[in-house]
Amino acid sequence: MDIAEECALVVTDDADPSPFCAVLTSTGRTRVLTVDGELDMSVVPDLATAAFAAAAEAEGGLVVDLTDAAFLSSSAITTLVKTSEHLPQGAVMALVATRPVVLRPIELSGIDRFMQAFPDLASAIAHVSGQDSDAT
């Protein structure tokens, strides 16, 4: 199931640095990028590198799983929007988000109007692979 794994530890000047990890796997033809940590400005370059590469290869669609993300900045949201621009023609992208600290910025930014957010990975994969499912 795993096609690649990549974790990046981003150390900031903060007294309590937060690790960032992105792991790319595959479920059928759908790519799943699982991201955890605090998605703030300091990790956006690493997030972009991982997400753009995942999107470019996502012929069967891309799911970005933010279940374990502890924070989602506006810079990270912009990166998610730009990620969708790297998808092959006809591919769909969806998000998985359960924490209010991540869901709220998704809803406030309006990104969920064109990139649906789901409460679980199975629903997001079903949506991206063409099997209808209800979004949150």
Side-chain angles (χ1 to χ4, degrees):
M1 181 165 139
D2 291 327
I3 57 169
E5 291 190 20
E6 179 180 328
C7 281
L9 176 62
V10 177
V11 179
T12 64
D13 292 333
D14 299 337
D16 184 19
S18 175
F20 164 77
C21 184
V23 178
L24 180 63
T25 58
S26 182
T27 300
R29 294 185 57 231
T30 303
R31 306 286 191 200
V32 178
L33 183 66
T34 303
V35 180
D36 66 31
E38 292 191 12
L39 305 181
D40 58 22
M41 226 166 85
S42 70
V43 302
V44 164
D46 292 319
L47 174 62
T49 298
F52 295 174
E57 300 175 355
E59 294 290 335
L62 175 65
V63 173
V64 178
D65 186 352
L66 302 169
T67 302
D68 292 327
F71 177 74
L72 184 65
S73 70
S74 60
S75 299
I77 289 172
T78 300
T79 300
L80 292 173
V81 171
K82 290 180 180 179
T83 297
S84 69
E85 297 168 0
H86 291 266
L87 290 168
Q89 188 163 354
V92 177
M93 182 172 160
L95 306 173
V96 178
T98 56
R99 293 181 176 184
V101 71
V102 174
L103 273 172
R104 185 87 170 128
I106 289 170
E107 293 166 350
L108 288 174
S109 69
I111 190 177
D112 59 335
R113 291 186 196 123
F114 70 94
M115 184 183 306
Q116 290 187 307
F118 293 85
D120 60 82
L121 185 58
S123 297
I125 290 171
H127 172 74
V128 166
S129 66
Q131 302 167 10
D132 289 331
S133 182
D134 292 331
T136 58

Next item on the list: Step through the shown structure and confirm whether more than 12 heavy atoms of other residues, nucleotides or ligands are within 6.0 Å of CZ on Arg29.
Entry: no

Item checked: Separation of Leu121 CG from Thr34 OG1 (nearest 0.5 Å) -> 6.5 Å

Checklist line | Partner set under side-chain contact (heavy atoms from CB on, under 4.5 Å) for Ser74, not counting sequence neighbours | finding: none

Next item on the list: Side-chain contact test, heavy atoms from C-beta onward, threshold under 4.5 Å: evaluate it for Met115 versus Ile106 and give yes or no.
Entry: no

Next item on the list: Measure the spacing between CD1 of Ile125 and OG1 of Thr27 and express it to the nearest 0.5 Å.
Entry: 4.0 Å

Next item on the list: List the atom of Gly60, the atom of Val128, and the distance in Å for their closest heavy-atom pair.
Entry: O-CG1, 3.4 Å

Note to self: For Met93 versus Leu80, what's the shortest heavy-atom pair and its separation?
What the structure shows: CE-O, 3.7 Å

Notebook entry, point to check: Is there a path from Leu33 to Val44 through hydrophobic residues (I, L, V, M, F, W, Y) whose side chains come within less than 4.5 Å of each other?
Noted result: no

Margin query: With rounding to the nearest 0.5 angstrom, report the CZ to CD distance, Arg113 to Glu107.
Written below: 10.5 Å

Next item on the list: Give a yes or no on whether the backbone of Leu39 and the side-chain of Ser73 come within a donor-acceptor separation of less than 3.5 Å.
Entry: yes

Check: Can you get from Ile111 to Met41 by hopping between Ile, Leu, Val, Met, Phe, Trp and Tyr side chains that sit under 4.5 Å apart?
Finding: no

Check: Can you tell me how far the CG atom of Leu47 sits from the OG1 atom of Thr83, to the nearest 0.5 Å?
Finding: 6.0 Å

Checklist line | Shortest non-hydrogen contact from Thr79 toward Ala48 | finding: CG2-CA, 3.7 Å

Check: Minimum heavy-atom separation for Phe118 to Ala94, with atom names?
Finding: CE1-CB, 3.9 Å

Next item on the list: Could you pull out the closest heavy-atom pair between Pro119 and Thr98, with the gap in Å?
Entry: O-CG2, 3.1 Å

Item checked: Distance-minimising heavy-atom pair for Val102 and Ala97 -> CG1-CB, 3.9 Å

Check: Pairs in or reaching into residues 55-80: which pass ring-ring contact (aromatic ring centres under 6.0 Å, His included), with residues at least two apart or in two chains?
Finding: none

Notebook entry, point to check: Taking atom CG of Leu72 and atom CG of Leu95, what is their separation to the nearest 0.5 Å?
Noted result: 8.5 Å

Check: Hey, does Leu24 have a side-chain heavy atom less than 4.5 Å from the side chain of Arg31?
Finding: yes

Note to self: Taking ring-ring contact (aromatic ring centres under 6.0 Å, His included) as the cut-off, I'd like each qualifying pair that reaches into residues 22-41, sequence neighbours left out, listed once.
What the structure shows: none

Next item on the list: Kindly state each residue pair satisfying ring-ring contact (aromatic ring centres under 6.0 Å, His included) with at least one member in residues 78-108, sequence neighbours excluded.
Entry: Phe52-His86

Next item on the list: Using the test side-chain contact (heavy atoms from CB on, under 4.5 Å), find all partners of Pro88 that sit at least two apart in sequence or belong to another chain.
Entry: Glu59, Ala91

List the atom pairs, donor and acceptor, that lie under 3.5 Å between side-chain atoms in residues 62-70 and the rest of the protein, sequence neighbours left out.
residue, atom, partner, partner atom, Å
Asp65, OD1, Thr67, N, 2.9
Asp65, OD1, Thr67, OG1, 2.5

